[in-house]
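Heads up: the structure comes next, in structure tokens.
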There are 2 protein chains.
Amino acid sequence: MISHKIVPNVSVDCVIFGFDFEKLNVLLVDRELKDEKTGKVLINDHTLTGYHIYEDEDLDAAAYRILKELTGLDNLFLEQFAAFGQIDRVSSEKDQLWLKHINKEFADRIITVGYLALIDNTRVTLKLSGKNVQWYPVNEVKDMEMAFDHKHIVYKALEALQKKVKVEPIAFELLPDYFTLSQLQKLYEALLGASFDKRNFRKKISQMHYVIPLKKKQKGVPHKPAQYYLFSREVYEKTKKNRISFIV
Amino acid sequence: MISHKIVPNVSVDCVIFGFDFEKLNVLLVDRELKDEKTGKVLINDHTLTGYHIYEDEDLDAAAYRILKELTGLDNLFLEQFAAFGQIDRVSSEKDQLWLKHINKEFADRIITVGYLALIDNTRVTLKLSGKNVQWYPVNEVKDMEMAFDHKHIVYKALEALQKKVKVEPIAFELLPDYFTLSQLQKLYEALLGASFDKRNFRKKISQMHYVIPLKKKQKGVPHKPAQYYLFSREVYEKTKKNRISFIV
DNA sequence: GATAGATAGTGTATAAGTTACACTTAATTT
DNA sequence: AAATTAAGTGTAACTTATACACTATCTATC
């Protein structure tokens with residue numbers, strides 16, 4: 001049983017990425033505050049999903065807890081990517097106003113640990129209904145208003161994801177269990193903001209023996225149905241080589 | 001001016017790596033505690049160099065402060081690599097004893113942010129004299145007794161370093177301004193625990209136009225003197241390509 | 001039921017990069 | 001003068017990356 005006594009100076013924030021077969025999205029909370037008397041909108045922006053950690057709770061566990069509360073899902077890819085501790089993290093007028101609203105008279109110094117979560121977009125869409133949480137295209141984040149240093153955290157998460165995706169097969173976490181090669185290619189293109197030659201991409205994938213073709217095919221699509229593939233982490237772990245690419 | 005009021009639940013720990021042209025080393029503090037009456041050695045192990053952050057101090061600034069205090073050096077490579085927040089970070093008898101010794105009646109929950117520092121070994125050796133801080137070969141860490149979760153933190157730092165070194169030219173931070181290609185090769189071999197073919201290694205380096213030969217040569221060595229080279233970050237930044245190695 | 005529209009799926013030639021491998025050179029020490 | 005030590009150099013075989021265009025198979029529409 002977890003005590004609900006929080007560690008005052010530490011929080012975790014989850015940057016949850018999803019892919020809808022078209023573009024990369026990020027899950028954000030809509031933050032709104034209206035003046036009680038006039039009804040005037042004082043704050044209308046977005047935050048990441050985060051919270052304090054409990055006294056008797058590991059950092060990772062706190063991130064898992066938040067993720068579970070939000071999506072109802074377990075066993076998601078979740079990994080720490082950075083800690084954020086600038087002194088001016090909570091400095092804007094809106095943020096100060098918000099803290100007052102939630103009964104924090106003044107802001108403690110809070111260091112937050114950023115977690116990166118990857119999820120097949122289509123798995124959570126239903127669970128979100130009714131909550132003030134939505135998918136937003138990553139590309140639009142730059143034009144959105146965000147609380148605290150959360151925009152910065154999203155950028156850093158994206159950077160970390162792009163780096164990691166080039167070196168480890170974690171992109172598959174953003175796809176359902178079965179996927180087509182075109183979906184996989186679109187995913188990499190969305191992740192890296194690049195575009196690849198179809199034949200060369202497929203040649204490359206076919207060398208990865210842990211991307212395994214299934215007997216299943218698409219159904220009901222108005223074109224030649226694509227074959228489904230599966231990512232096998234087991235095969236990956238068995239066959240992975242420790243390439244040293246930058247040097248020799 | 002920095003207040004000396006600390007943030008109670010947060011610290012930074014620096015894992016400082018150095019290279020002595022032979023092997024990779026890490027800078028550790030010798031921790032010793034003797035029984036006041038009997039003189040019996042109660043604790044004799046090693047810790048990382050770390051400390052709490054101050055209320056009005058950025059995380060990075062705290063790490064820089066610690067590094068400066070310890071080595072007297074500025075402008076070192078320093079980068080966050082992970083945060084550590086396991087609940088049982090401070091659980092051993094020795095650690096409890098130590099906390100009592102330094103007048104902490106009980107251990108607060110402390111989340112520490114790990115920083116990775118790289119330094120040319122030879123630059124600091126002198127500055128250390130008299131302090132209870134020493135270079136230890138990284139390979140020997142596994143057999144050493146270490147405080148708290150510091151051994152784990154060293155391992156994670158090394159992992160992060162090995163990953164990063166394959167993708168970015170940060171290894172040069174471990175060498176003096178001028179270095180020979182053999183030194184560079186030894187460094188990569190020490191970092192990655194691998195060994196490379198001399199000719200192929202040099203061919204690779206010669207393609208990196210940011211590793212620039214100087215007119216200087218070694219002197220007083222009992223063999224053919226080697227040419228000195230220089231790493232130019234400027235040239236690197238200008239010419240770097242965004243390779244996508246894992247996928248296409 | 002024929003046709004249009006949409007995406008899936010496939011091969012080859014050239015260029016670039018990686019690998020494996022052994023001897024000569026230039027300094028100091030004996 | 002000879003021995004010792006590490007520096008410095010080229011090539012051929014193999015592997016990987018790149019550029020590029022058409023056919024196949026399904027649904028929807030007329």
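First the proteins, then the strands, lettered A, B, ... as listed; each starts at 1. Just so it is clear, the model here is predicted, and its values are computed rather than measured.
When distances run from any side-chain atom of A:Lys224 to the nucleotides D:dA6, C:dT29, D:dA24, the shortest one goes to D:dA24.
What separates CZ of A:Arg199 from P of C:dG11 is a distance of 10 Å, to the nearest Å. If you take OH of B:Tyr228 and P of D:dG8, they are 11 Å apart, rounded to a whole angstrom. Between the CD atom of B:Gln207 and the C1' atom of C:dG17 there is a distance of 8 Å, rounded to whole Å. In this structure, the CG atom of B:Asn200 is 16 Å from the P atom of D:dG8, given to the nearest Å. Counting to the nearest Å, the P atom of C:dA6 and the CD atom of A:Gln218 are 16 Å from each other. Rounded to an integer number of Å, the gap from A:Gln185 CD to C:dG9 P is 12 Å. The separation between A:Gln183 atom CD and C:dA8 atom C1' is 12 Å, rounded to whole Å. Across the protein-nucleic acid pair, A:Lys217 atom NZ and D:dC26 atom P stand 7 Å apart, rounded to whole Å.
Side-chain nitrogen and oxygen atoms of A:Arg202 include at least one within less than 4.0 Å of the OP1 or OP2 phosphate oxygen of C:dG9. Put simply, B:Ser182 has no side-chain N or O that comes within less than 4.0 Å of OP1 or OP2 on D:dA6. At C:dT18, one or more side-chain N or O atoms of B:Lys204 fall inside 4.0 Å of OP1 or OP2 (strictly under the cut-off).
Here A:Lys203 lies in heavy-atom contact (under 4.0 Å) with a base. Looking at heavy-atom distances under 4.0 Å, B:Gln227 makes contact with sugar-phosphate atoms alone, never a base.
Looking at B:Lys198, its side chain comes within 3.5 Å of the base of D:dA7 through a donor and an acceptor atom.
When only modelled atom types and interatomic distance are considered, A:Asp60 and A:Tyr115 share a side-chain donor-acceptor pair under 3.5 Å.
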Derivation and outcome, side chain to side chain donor-acceptor pair (under 3.5 Å), residues B:Tyr136 and B:Gln134:
CA-CA 6 Å; B:Tyr136 291 93; B:Gln134 283 182 68; 3.2 Å; yes
Applying side chain to side chain donor-acceptor pair (under 3.5 Å), run through B:Tyr51 and B:Asp13 and close with a yes or a no.
CA-CA 7 Å; B:Tyr51 196 69; B:Asp13 277 296; over 6 Å; no
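Closest heavy-atom contact between B:Lys216 and B:Tyr178: NZ-CE1, 3.0 Å. Across all their heavy atoms, B:Pro225 and B:Gln218 have their closest contact at CB-O, 3.2 Å.
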